[in-house]
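Input: a single structure, listed below in structure tokens.
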Amino acid sequence: MRLPIPWKKNRLPPFTCTNHLYFTTSNLTRLITMLSSPPPPPSSNSLASTHLQSSPQNHQLISILEQCRTMKELKQIHSQMIRTGLIRSPVERRRLLSFCCTQQSGEMDYARLLFDEMPNPDLFDWNSMIRGYSNRHFPEAAVLVYVEMLARGFVPDDYTFPFLLKAFTRDAAVELGDELHAHALKFGLSSNAHVRNALIRMYSTSGEIDTARELFERSSKRDAVMWNAMISGYNRSKQFVESLKLFEGMMKASVPPTPVTYISVLSACARSKHLEYGARIHGVIKESGMLPNLKIENALIDMYAECGDMDEAWRLFEGMKVQDVISWTAVVAGFADSGEIDRARMLFDQMPERDSISWTAMIDGYVRASRFKEALEIFRVMQVANVRPDEFTMVGVLAACAQLGALGVGEWMRLYMERNKIRIDIFVGNALIDMYSKCGSVERALEIFNMMHRRDKYTWTAIIMGLAVNGREEEALDLFSKMLGTSVRPDEITYIGVLSACTHAGLVDEGREFFSSMITEHGIMPNVAHYGCLVDLLARAGQLEEALETINNMPMKPNSTVWGALLGACRIHRDVEMAELAAEHLLELDPENNAAYVLLSNIYAKCGKWDEVRKVRQMMMDRGIKKTPGCSLIEVNGEVHEFVAGDRSHPGSDRIYSKLEEMGKELKFAGYVPDTSEVFLDVGEEEKENAVYWHSEKLAIAFGLISLQSGVIIRVVKNLRMCFDCHNAVQFVSAVYDREIVVRDRTRFHHFRGGLCSCNDYW
DNA sequence: GTAGGGTTAG
């Protein structure tokens with residue numbers, strides 16, 4: 001079939017007029033051919049139905065049908081219609097079908113049954129079916145009906161495509177968009193404004209914003225709706241500057257903006273944090289006489305809140321005659337974002353009505369405020385309130401699980417999603433990979449990665465990072481080279497993952513190579529974090545001088561992470577002189593950095609320089625600097641337990657400490673010697689032993705040994721780096737108690753099994 | 001006798 005399609009050749013190759021194979025090879029066409037069948041015989045009951053309709057009983061039924069509100073009522077009416085024979089009237093049948101397809105309460109399964117019973121469905125009925133599936137967000141089902149319709153010899157009209165395309169998700173738009181566009185052209189419908197706007201929307205959904213723009217440009221008449229469609233298309237592709245430019249163009253073309261125009265433009269200002277422009281638009285809106293208007297006011301509140309002007313957002317909110325759930329959510333999210341999380345919570349509790357978006361905004365607020373347990377707690381309350389979480393919600397709670405290292409809760413979330421039919425879309429998939437990686441369950445992370453159909457740079461970055469910190473550096477680098485074979489490009493964060501893989505594995509040469517190919521091959525200029533990785537890589541591998549040289553030659557000012565990396569390596573390599581230099585720079589940049597003091601004193605202590613240790617301690621006291629207390633989390637039965645060193649606040653404390661004592665004996669029997677070289681205090685040997693005995697991770701592990709069945713992996717999350725003694729002790733525990741233990745510390749994972757650690761003592 | 005554009009969250 002050759003199609004007379006006037007279209008630019010280089011832009012849309014699959015259906016330009018030169019490609020006449022298109023319709024014969026496509027999936028849709030194959031389906032259409034497969035389904036093609038002779039049309040059903042014409043109905044023979046039209047006369048009868050005319051006769052039936054006139055009975056008084058049927059008149060009554062028809063008027064009840066007109067007022068019908070629920071499916072239950074509809075089904076009753078339907079059965080009566082069958083009894084009286086009214087069902088044979090095509091008009092009344094159609095009314096039943098329309099109800100199912102267009103009403104909120106309508107059911108598409110029932111619609112399909114009705115439709116299949118229709119002797120002669122016409123184009124209106126086919127459109128109704130398509131519209132019904134579309135409204136319920138079943139694009140695939142809508143397309144199938146469309147295909148069936150073509151196979152039965154019907155020709156779509158200018159209603160068909162807007163209905164069909166309305167529900168298109170990104171996947172559907174990518175897969176079928178071009179082909180359906182070709183159909184619209186073939187049927188001569190593409191110049192219809194409704195069809196064209198539907199196509200513009202569809203292309204901006206599939207990411208082909210330039211194609212959308214081309215449709216827009218090629219239109220002879222552009223009304224406000226078309227401008228709006230194009231502006232929101234740019235919003236959808238996150239090209240906010242283009243949205244604003246287009247709005248300017250609309251003004252120049254003297255097309256009067258509608259409320260929707262302003263809502264879209266304000267959204268563009270909000271998301272690009274363009275407060276000044278937003279405020280100007282605010283002025284224009286005031287003059288337009290469109291206010292008060294709930295939706296515009298909501299957009300204004302959102303714009304001010306996102307741009308950080310909470311005073312103005314709050315003023316607007318308070319001045320509103322009516323507020324809806326969107327207005328409330330915008331201020332709650334605004335306060336949460338600006339750091340006033342408790343105020344946000346207070347408002348949240350006052351909300352007259354909360355939907356899943358409001359709950360999600362609150363959950364995300366807690367996550368951003370690093371209050372992860374509260375994020376999980378409010379998710380629980382959300383379920384009590386019987387509000388159904390969606391994909392967005394799950395991303396938030398999974399992030400909380402990731403930070404807490406709460407694998408059990410994370411697993412529960414995944415089951416929950418399965419049971420509640422929450423899809424693993426690309427965002428949820430990425431969040432799951434991150435959660436599993438940060439909980440040390442890299443196998444599960446890989447499972448998710450492998451089942452994802454679509455992967456973006458965040459997907460690849462998450463899995464590369466996950467493998468890198470879990471001691472599977474080679475696989476991380478393998479996946480990175482696989483990533484380079486796809487169309488997804490790495491960004492600066494991906495390279496942090498790649499470089500940390502090299503650091504953890506001590507792959508100095510490879511790391512150097514990646515560092516330079518990042519610049520030469522991908523045009524990514526290294527930032528201070530990349531230099532931090534490079535310094536870490538060199539220093540940890542013992543090339544301290546070279547690391548220092550790198551710092552001195554950096555094109556930007558080194559930050560505390562960079563000096564911290566050098567200082568940390570000095571601890572491993574016991575280089576006091578270099579440590580002093582690094583600490584000096586570090587404290588100059590960040591005088592409050594308690595980790596620097598602690599590291600320096602650790603190094604002095606290791607080298608037996610007790611006078612120096614005392615000096616550092618004195619300095620800390622003089623300056624009022626306190627060591628961040630070590631803190632370890634362990635999850636048991638879905639509850640996260642928290643321990644700090646020497647902690648006795650846990651209800652099971654007595655049992656934990658006696659377990660700890662027993663552990664000490666067992667470990668010593670197996671050859672473990674406490675390594676007190678890093679103890680911060682200059683005290684007697686016995687006290688030092690106690691000091692390391694009571695480190696938070698040992699408490700958490702003792703608790704894990706008591707409360708978790710044998711065979712269950714003990715997983716602990718620690719806020720600081722593990723000390724040498726704990727690392728050594730846990731290796732012994734894994735052998736003596738035959739337990740797999742996973743500890744996530746500040747920088748990486750340690751998987752202990754059979755007396756060995758996945759980090760090969762290189763951390 | 002049906003329809004097109006929009007806002008709050010990752």
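These numbers were taken from a predicted model, which means no experiment stands behind them.
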Residues from [range] lying under 4.0 Å of DNA chain B - heavy atoms:
range                       : value
residues 393-407 of chain A : A/Val395
residues 153-165 of chain A : A/Asp157, A/Asp158, A/Tyr159, A/Phe163
residues 358-386 of chain A : A/Thr360, A/Asp364, A/Arg368
residues 304-337 of chain A : A/Glu306, A/Ile326
residues 220-227 of chain A : A/Asp223, A/Val225

Counting only side-chain nitrogens and oxygens, does [X] get under 4.0 Å of the OP1 or OP2 atom of [N]?
X        : N     : value
A/Arg201 : B/dG5 : yes
A/Ser128 : B/dT2 : no
A/Arg236 : B/dG6 : yes
A/Arg131 : B/dA3 : yes
A/Lys166 : B/dG5 : yes

Is there a donor and acceptor pair closer than 3.5 Å between the side chain of A/Asp425 and the base of B/dG10?
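Present.
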When the ring planes of A/His183 and A/Tyr146 are compared, do they come out parallel, tilted or perpendicular, using 30° and 60° as the limits?
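Geometry flag for A/Tyr146 against A/His183: tilted rings.
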Evaluate the ring planes of A/Tyr416 and A/Trp412, with Trp represented by its six-membered ring, and classify them as parallel (under 30°), tilted (30 to 60°) or perpendicular (over 60°).
parallel
Residues in salt bridge (Lys or Arg N to Asp or Glu O under 4.0 Å) with A/Glu66, at least two apart?
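For A/Glu66 the salt bridge (Lys or Arg N to Asp or Glu O under 4.0 Å) partners, ignoring immediate neighbours, are A/Arg95.
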Residue list, salt bridge (Lys or Arg N to Asp or Glu O under 4.0 Å) with A/Asp122, at least two apart or on another chain
A/Arg94
Sugar-phosphate, base or nothing in reach of [X], heavy atoms under 4.0 Å:
X        : answer
A/Ala299 : nothing
A/Asp390 : base
A/Ser98  : nothing

In this structure, how many angstroms lie between the C1' atom of B/dT7 and the CG atom of A/Asn228, rounded?
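Rounded to whole Å, this separation is 13 Å.
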Restricting to pairs with a member in residues 97-109 of chain A, which pass salt bridge (charged side-chain N to carboxylate O under 4.0 Å, His left out), not counting sequence neighbours?
A/Lys75-A/Glu107
Listing, residues 163-173 of chain A side-chain donor-acceptor contacts under 3.5 Å, not counting sequence neighbours, or none:
residue	atom	partner	partner atom	Å
A/Thr169	OG1	A/Ala172	N	3.4

Using the side-chain hydrogen bond (donor to acceptor under 3.5 Å, both in side chains) criterion, which residues pair with A/Glu377? Sequence neighbours excluded.
A/Arg380
Of the listed nucleotides ([options]), which one gets closest to any side-chain atom of [X]?
X        : options              : answer
A/Asp302 : B/dG5, B/dG10, B/dA9 : B/dA9
A/Ser264 : B/dG6, B/dA3, B/dG10 : B/dG6
A/Arg271 : B/dT8, B/dG10, B/dG5 : B/dT8

Neighbour count above 12 (heavy atom, 6.0 Å) for A/Phe187 CZ:
yes
Between A/Glu248 and A/Lys252 (salt bridge meaning N to carboxylate O under 4.0 Å), is one present in this structure?
no
Carboxylate-amine/guanidinium contact A/Arg368 A/Asp364, below 4.0 Å:
no
Partners passing ring-ring contact (aromatic ring centres under 6.0 Å, His included) against A/Phe335 (at least two apart in sequence or in another chain)
A/Trp314
Under 3.5 Å side-chain donor-acceptor pair for [X] and [Y]:
X        : Y        : value
A/Asp178 : A/Tyr203 : yes
A/Thr261 : A/Thr258 : yes
A/Asn235 : A/Ser232 : no

Review item, side-chain donor-acceptor pairs of residues 339-351 of chain A, under 3.5 Å, at least two apart:
residue	atom	partner	partner atom	Å
A/Asp342	OD1	A/Arg371	NH1	3.4
A/Asp342	OD1	A/Arg371	NH2	2.9
A/Arg345	NE	A/Asp349	OD1	3.1
A/Arg345	NE	A/Asp349	OD2	3.3
A/Arg345	NH1	A/Tyr366	OH	3.1

Proximity of A/Phe216 and A/Trp227 rings by center, below 6.0 Å:
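Yes; A/Trp227 has its ring centre under 6.0 Å from that of A/Phe216.
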